[in-house]
There are 2 protein chains.
Amino acid sequence: MTEQPFENGSTASHMKPTHVARDTYDERQTHILEAATLVMARDGYQRATMRSVAREADVSIAGIYHYFDSKEKLLFVIQFRAFTSLLANLRERIHGIADPVEQLHLMVRSHVGYFATKIHALKVCSHELDSLTGAEFEEIRELRLEYYRMVRAIVDRVFGTYASGSRIDPHVATMSLFGMLNWLYRWYDPSNDRSHSNVAHQITTQFLEGITGEGNGDRINGSSPTETTARAGSQR
Amino acid sequence: MTEQPFENGSTASHMKPTHVARDTYDERQTHILEAATLVMARDGYQRATMRSVAREADVSIAGIYHYFDSKEKLLFVIQFRAFTSLLANLRERIHGIADPVEQLHLMVRSHVGYFATKIHALKVCSHELDSLTGAEFEEIRELRLEYYRMVRAIVDRVFGTYASGSRIDPHVATMSLFGMLNWLYRWYDPSNDRSHSNVAHQITTQFLEGITGEGNGDRINGSSPTETTARAGSQR
DNA sequence: TCAGTCCGAACGAACGTTCGATCGGCACAG
DNA sequence: CTGTGCCGATCGAACGTTCGTTCGGACTGA
C-alpha cells in the first residue's frame, strides 16, 4: 500500500507503521537479507528457519519467497555480497601502493574494519563455508579463492622483501593469518572491546614480526623436548 | 551388561559377523561415538541425522538410544572427551617445565599432534561451539575456559620474560593463537600435507616472533596516518 | 483491468524420539 | 543337567513436530 518510496523522510524512524513498508524492490530485498543475516549469524544456517527470518524481517514466510527462490539462495546472496565487497574494498585500498608491508597493513585493516560494521555477515561467511552446495558453492569458493590469492600475493611479496631467507612456508603463514582474522567473530566485540584499528594493528604487527623476525632467536629452538624435564620435580 | 570382554579373541577381525558385535558396553558406546564424530565433522551437527549416524555405526536408530539419551548428548560426550583429553595432555606435558617458551612449544605441538590423530573430533570442537544448550553447554564452556586459562598463563609468562615492553595485548595475542590453531581444520590435511610437527613448529615460531620481536622494527610502522588513533581506544 | 506485492493455509518430507517385541545369555530352582 | 524366568541389547515401525516450499487469492496503485 502507498507506493511512496522516500516520503517517510531520511530518518530511520520508518520501521513498520502497521505492516506496510513499501519501499523500493531492492530496499525490501536488502531488508529481508539483513534480517536473514542476523538470524543466520545468531542461530547458524541450519537452525535458522524461514519462519524466524520472516519474523525478524516482519514479513510473511511466503513474502520472502517473492524476493528469494529458496533458503539456500538467501545464504548465497549474503556470502556473495560480503565477499564481493571485501574483494572490492581490498583492491581499491591497495591499488597504487608499492610497499608490500603497507599493503598488508591495509589488508588487515580493511578486513577488520569491514568486520566491525558487518559483523553478522562476516560471521556467516566465516562459519557457514560448507553450507552451500552445487554451483552456488563453487561460485562462492571461487570468490574465496580469489581473496586468498590476493592476500597470498601480498604475503609472498613481504617474504621476498623482508624475509627472503625465512624457513616459514608462505602458505602456512597465510592460513595462519586467515585463522587470526576468521576467528575474530568468536571473541571480538566491536561495541565493547577495543577499537578495530587497534586490533588490526596488533594482528598486523604480530603477523609481520612473526614471519620477518624469524631466524635471530635461538631460544625459540625448543625442539629438544625431554631434556628440560630434568629440572622438574618441584611442582606438585 | 554381558561382561565377556575378550572372548571373541584378541584379533581385531571381529567386526560384525552378521549383525552381532557383542563387545563391552564401553566399546560399543565408543564405536557409536566415533561414527557420530565422523558424521558430525563431515555434515555439521544440525545436518547430521541420527539415521546417518546409525548407518555409519551399523546399528539401528533405536540402538543408539540405548547408549545415548539424545542427539545433543552425543555431541556433548564428543566434546567432553576431546577437551578433557586436550587438557590432560597439556597438563602432563608442561608439568615441571620452567621455561615458558618451552611450554609454548609443547602446547602447540600437543594441540597440533592431537589434531593429527583426532581430526574429526577437533573439527567438531572447533566448529560446533554453540550447538549445545543449557547445562551441557555451560559444562563444555567451563572446559574451554580452563584451556584458555592455561594457554593464557603460558602466554603471559612468555610476555613477562621475553616481551615485557610489548604493546601487544596478551588477550589479543592469545586469541590470535587460538585462531591459528582452530582454523587448522579448514586447510590442514595431516595425511597429505607436511608433518604436524613441522606445522606446529612454524606456528610456534610465528607466534613467538610475533610477540617478542615487536618493537625492534620501524619498518613495520608502515602506516602512520590513522593507526595512532587506535591506542586511544579502550585499551585496558 | 492488470501487474506487482503480499499473505494465510496448507503440503509432503524429514527429523528426533518412542514403543512394543524379539533374541539370546545367565542365574538359579528342581 | 535341564528347564524357566529375567534382563540387557537390539530392532522395525511408527509418532508427533517442524521444516522448506507452494498455491490460490486478496489487496493496491496505475
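Letters A, B, ... are given to chains in the order of the sequence lines, protein chains preceding strands, and every chain is numbered from 1. Note that the structure is predicted; figures quoted are calculated from it, not measured.
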**Student:** Are B/D26 and B/T24 linked by a side-chain donor-acceptor pair shorter than 3.5 Å?
**Tutor:**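 Result is no, nothing qualifies.
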
**Student:** Decide if atom NZ of B/K71 counts as having more than 12 heavy atoms of other residues, nucleotides or ligands within a radius under 6.0 Å.
**Tutor:** yes

**Student:** Roughly how many Å is it from CZ in A/F68 to C1' in C/dC6, rounded to a whole number?
**Tutor:** 15 Å

**Student:** Check every strand shown and say whether B/Y67 touches a base, only sugar-phosphate, or nothing at a heavy-atom separation below 4.0 Å.
**Tutor:**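 The answer is sugar-phosphate, as B/Y67 gets under 4.0 Å only of primed atoms, P, OP1 or OP2.
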
**Student:** Check the distance between D/dT22's C1' and A/K73's NZ and give it to me in whole angstrom.
**Tutor:**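 Answer to the nearest Å: 17 Å.
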
**Student:** Just jot down the ring pair (Phe, Tyr, Trp, His ring centres under 6.0 Å) partners of B/Y114, sequence neighbours excluded, or say none.
**Tutor:** none

**Student:** Please state how far atom NE2 in A/H31 lies from atom C1' in C/dC6, giving the value in whole angstrom units.
**Tutor:**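 Roughly 14 Å, once rounded to whole Å.
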
**Student:** Rounded to whole angstroms, how far apart are CD1 on B/I64 and C1' on D/dG8?
**Tutor:** 18 Å

**Student:** Not counting sequence neighbours, which residues clear ring pair (Phe, Tyr, Trp, His ring centres under 6.0 Å) with A/F76? List them please.
**Tutor:** A/F80

**Student:** Looking just at side-chain N and O atoms, do A/Y25 and A/H66 make a donor-acceptor pair shorter than 3.5 Å?
**Tutor:**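 No donor-acceptor contact under 3.5 Å links the two side chains.
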
**Student:** To the nearest Å, give me how far apart CD1 (B/I32) and P (D/dT10) are.
**Tutor:** 7 Å

**Student:** Looking only at side chains, do A/E72 and A/T133 share a donor and an acceptor under 3.5 Å apart?
**Tutor:**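 Short answer, yes.
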
**Student:** Just to confirm, is there a sub-4.0 Å distance from OP1 or OP2 of C/dC6 to any side-chain nitrogen or oxygen of A/H66?
**Tutor:**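 Answer is no, no contact under 4.0 Å.
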
**Student:** Would you kindly give the CZ-to-C1' distance between A/R55 and C/dC7, to the nearest whole Å?
**Tutor:**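 One finds 16 Å between C1' of C/dC7 and CZ of A/R55, rounded.
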
**Student:** Send over the distance from A/Q29 CD to C/dC6 P, rounded to a whole Å.
**Tutor:**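 Atom CD in A/Q29 sits about 12 Å away from atom P in C/dC6.
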
**Student:** Produce the list of close N/O pairs, under 3.5 Å, pairing protein atoms with atoms of nucleotides 12-16 of chain C; give distances to one decimal.
**Tutor:**
| from | atom 1 | to | atom 2 | distance (Å) |
| --- | --- | --- | --- | --- |
| C/dG16 | OP1 | B/A48 | O | 3.3 |
| C/dG16 | OP1 | B/K71 | NZ | 2.8 |
| C/dG16 | OP2 | B/M50 | N | 3.0 |
| C/dG16 | N7 | B/R51 | NH1 | 2.9 |
| C/dG16 | O6 | B/R51 | NH2 | 3.1 |

**Student:** Let me know the distance between CD1 of B/I61 and C1' of C/dT18, rounded to the nearest Å.
**Tutor:** 12 Å

